[in-house]
Amino acid sequence: GVVFESARRVLAGVFQGASLTKPPMMVEVVVRWGMQLPGAYLAAFPLGLGALGILWSVPAYNVIGSLALFVLFLKFKFFRSPPGPKEGTA
C-alpha cells in the first residue's frame with residue numbers, strides 16, 4: 001500500500017507541476033469518496049470484518065487510485081518531443 005500511495009502522490013505532483021490540477025482531484029473524489037469510504041463501510045459492517053475490513057480497504061484503494069493516475073498520465077502524453085524552430089525562421 002505504501003508503494004502505491006507514494007506513486008499516487010508523485011503522479012499527482014507531476015500533474016500539479018504541469019498546471020493540471022483537475023485530474024488528480026477527480027481521481028481523489030472518485031476513488032476516496034466514491035469508492036474507498038463505501039467499500040470500507042461494506043467491508044467493516046455488512047461483511048462483518050470490522051476494523052480489519054477498513055484496514056484492508058485503504059491499500060486496496062491506494063492501488064486503484066495510483067493505477068487511475070498512471071493511466072491518465074499516459075493519456076496526457078507528457079513525453080512529447082520539445083517544439084523545434086518554426087518554419088521560415090533562421
Side-chain angles (χ1 to χ4, degrees):
V2 174
V3 172
F4 287 99
E5 177 66 14
S6 300
R8 186 193 61 77
R9 288 178 185 242
V10 168
L11 287 169
V14 169
F15 279 102
Q16 291 168 355
S19 296
L20 297 169
T21 57
K22 287 186 182 177
M25 179 189 69
M26 294 309 296
V27 167
E28 283 298 308
V29 166
V30 170
V31 172
R32 299 282 186 238
W33 295 98
M35 296 171 70
Q36 184 176 353
L37 284 175
Y41 177 80
L42 289 173
F45 298 110
L47 294 177
L49 296 174
L52 189 61
I54 296 170
L55 180 69
W56 280 103
S57 71
V58 173
Y61 291 105
N62 283 344
V63 171
I64 293 169
S66 62
L67 291 177
L69 273 178
F70 185 68
V71 167
L72 287 175
F73 175 76
L74 295 176
K75 179 184 172 200
F76 276 93
K77 299 179 184 171
F78 285 103
F79 298 112
R80 289 185 236 167
S81 59
K86 294 183 179 181
E87 290 286 325
T89 59

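All values below were derived from every heavy atom in this structure, side-chain atoms included, with hydrogens, water molecules and symmetry-related copies excluded. For reference, positions follow the sequence shown, starting with 1.
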Report yes or no: do [X] and [Y] belong to one cluster of Ile/Leu/Val/Met/Phe/Trp/Tyr joined by side chain heavy-atom distances under 4.5 Å?
| X | Y | result |
| --- | --- | --- |
| V2 | V58 | no |
| Y61 | L72 | yes |
| F4 | V31 | no |
| L11 | V30 | yes |

Are the side chains of L69 and P24 in touch, meaning some heavy atoms are under 4.5 Å apart?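 A side-chain contact exists here, since the closest heavy-atom pair is under 4.5 Å.
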
Is the shortest side-chain heavy-atom distance between L37 and R32 below 4.5 Å?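 Of all side-chain heavy-atom pairs linking R32 with L37, none is under 4.5 Å.
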
Taking the inter-plane angle between the rings of F73 and F70 on a 0 to 90° scale, is it parallel (under 30°), tilted (30 to 60°) or perpendicular (over 60°)?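 The arrangement is parallel - the two ring planes meet at less than 30°.
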
Test side-chain contact (heavy atoms from CB on, under 4.5 Å) applied to F76 and L20, step by step: CA-CA 10 Å; F76 276 93; L20 297 169; 4.0 Å; yes

Quick check for you: to the nearest 0.5 Å, what is the distance between K22 atom NZ and M25 atom CE?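 Reported value, rounded in 0.5 Å steps: 6.5 Å.
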
